[in-house]
Each structure stands twice: as structure tokens, then as C-alpha cells.
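What follows is a set of notes on a single structure, which appears directly below.
So you know, we letter chains A, B, ... as the sequences are listed, proteins then strands, and number each from 1.
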Number of protein chains: 2
Amino acid sequence: MITHGARVTIDYEGETPLWRQLAEILRGQIAAGEYGHGARLPSDTTLVQQYGLARGTVRKAIDALVTDGLVRRVQGRGTFVV
Amino acid sequence: MITHGARVTIDYEGETPLWRQLAEILRGQIAAGEYGHGARLPSDTTLVQQYGLARGTVRKAIDALVTDGLVRRVQGRGTFVV
DNA sequence: GCCCATTTGTACGTATGTATG
DNA sequence: GCATACATACGTACAAATGGG
């Protein structure tokens, strides 16, 4: 079930939107301490490759984390855990 | 300045993102009471036609208002002022 | 200062699904 | 059943910012 390094997989058939599934995965990883304070999350492109999603979908997932104040995006640098 | 019924126009050349300009326009109209409490905003499609933007851009603008708690979207019905 | 690779930001278009009335 | 309206997901292209060489 592992796909390109992603430890958790997206369920393309389920009822939960793909962007929400990814958001939950990332949220879980942050909560688990895999990405500590100030750590940089994988880039959009990396997540696209790891989870097999479109960039728009990946960005929508991260948008949710940004709205929750969990991460912060910096153009040209990356997305960082607050 | 009038374009397809839109009272305010989008500046395609300026530095302000189109989605932000539309968000400000709608915010202003709500603040001005053009759309009162419970009123329904124009549909995505209508805004697309009025302002000459892509639907994704229109939705991103409304996303901002939703995040601010200014409006609420209901699938199948519309977007309503909170 | 300049080029280049990386990364996020914006904007477009298309298609299909889901909910409401 | 049908039309309308929002939701999801894909793809593409280019702009802007950052940092390294």
C-alpha cells in the first residue's frame, strides 16, 4: 500500500474528499512530532508525487492547515510548522 | 466602468490578485448592506460572467469570506450572508 | 550582480459528482 | 426528471520570491 514513500495512503474510492484525507494525514504527522516547530513540510511537488494527487488538491489540503494556523507558507521557501 | 452588470471593475493589470479584488468588492457590498443578513450572494456562475473571471478564482474569493465567517455556502442552494 | 533551481502564488480551463428545489 | 448551485479533482501555464553558486 506504500506509494512513493507515503506511509499512509489515499483512498480514492471512499467518500472523504482526497484533499481532506491528505490534510488529516499531515495533521497527524505534525501532531506525532514528525514535523516539529519550524520544520519544513514536503513541497507541493513532493506531495503530488508521494500521494498521486493534483497540485490543486495538495494545496487545498494545506490551505486547511494554514487556516487552522498549523502551518505557514512562505513563497520561494516552503511551508513551515508554526 | 460597468461590465456585465458589475458595478465595480477588476483591474487585470494591477498587483492585487484578482481573487482578492473580488473578495474586497463583495466584502464592501455586504458592508454596505447590499446583501443583508441571510441574503443570497450571486452564484459562482453569475460572478464568473459579471467579472470575467474563472470559476476557480471566484471560489477562492468567496473562500476568503467563508474563512472570515462572513458568508456560508450551502451545496445546491447558494452562498448566504451570515 | 547574474543565472538557475526550487517553491509557493495566481489564474485559467475542463469534467464530473452531489445536493437542493 | 430537470435545472440550478456548490464541491471535488484533474490538468496547464506563468509569475514571484528565495537561496545557492
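A/Arg20 has its CZ atom 15 Å from the C1' atom of D/dA9, to the nearest Å. When rounded to the nearest whole Å, the span between NZ of A/Lys60 and P of D/dA9 equals 9 Å. Between A/Trp19 atom CH2 and D/dC10 atom C1' the separation is 17 Å, expressed in whole Å. One interatomic measurement links the two molecules: CZ of A/Arg72 to C1' of C/dG9, which rounds to 15 Å at whole-angstrom precision. Atom CG of A/Leu47 is separated from atom P of D/dC10 by 13 Å (rounded to the nearest Å). If you take CZ of A/Arg73 and P of D/dT18, they are 16 Å apart, rounded to a whole angstrom. Straight-line distance from the CD atom of B/Gln49 to the C1' atom of D/dA5: 13 Å, rounded to whole Å. Atom P of nucleotide D/dT8 and atom CG of A/Asp63 are separated by 12 Å, given to the nearest angstrom.
Nearest heavy atoms, A/Gly36 versus A/Val81: O-CB, 3.3 Å.
Here A/Arg77 does not reach the OP1 or OP2 of D/dA17: none of its side-chain N or O atoms lies under 4.0 Å away. OP1 and OP2 of D/dC6 both lie 4.0 Å or more from every side-chain N or O belonging to B/Arg59. Of the side-chain N and O atoms in B/Thr57, one or more sit less than 4.0 angstrom from OP1 or OP2 of C/dC12.
Side-chain N/O atoms of A/Arg55 and base N/O atoms of D/dA9 include no donor-acceptor pair closer than 3.5 Å. Between the side chain of A/Gln75 and the base of D/dA16, a donor-acceptor pair under 3.5 Å is found.
Hydrophobic cluster membership differs between A/Phe80 and A/Ile25, with clusters built from Ile, Leu, Val, Met, Phe, Trp and Tyr side chains linked at under 4.5 angstrom.
The residue A/Gly78 sits close only to the backbone: its heavy atoms come under 4.0 Å of sugar-phosphate atoms, none of a base. Among the atoms of the strands shown, only primed sugar atoms or phosphate atoms (P, OP1, OP2) are found under 4.0 Å from some heavy atom of B/Thr79.
Along DNA chain D, the nucleotide nearest to A/Val74 and the one nearest to A/Gln21 differ in position, and the one closer to the 5' end is contacted by A/Gln21. Two residues, B/Thr46 and A/Leu18, neighbour DNA chain D, and the one matched to the more 5' nucleotide by heavy-atom proximity is B/Thr46.
Atom CG of residue B/Leu70 and atom OH of residue B/Tyr35 lie 13.5 Å apart, to the nearest 0.5 angstrom. Distance check: B/Arg40 CZ to B/Thr79 OG1 gives 8.0 Å after rounding to the nearest 0.5 Å.
Between A/Val58 and the options A/Asp63, A/Leu26, A/Leu22, a side chain to side chain contact (heavy atoms under 4.5 Å, CB included) holds for only A/Leu22.
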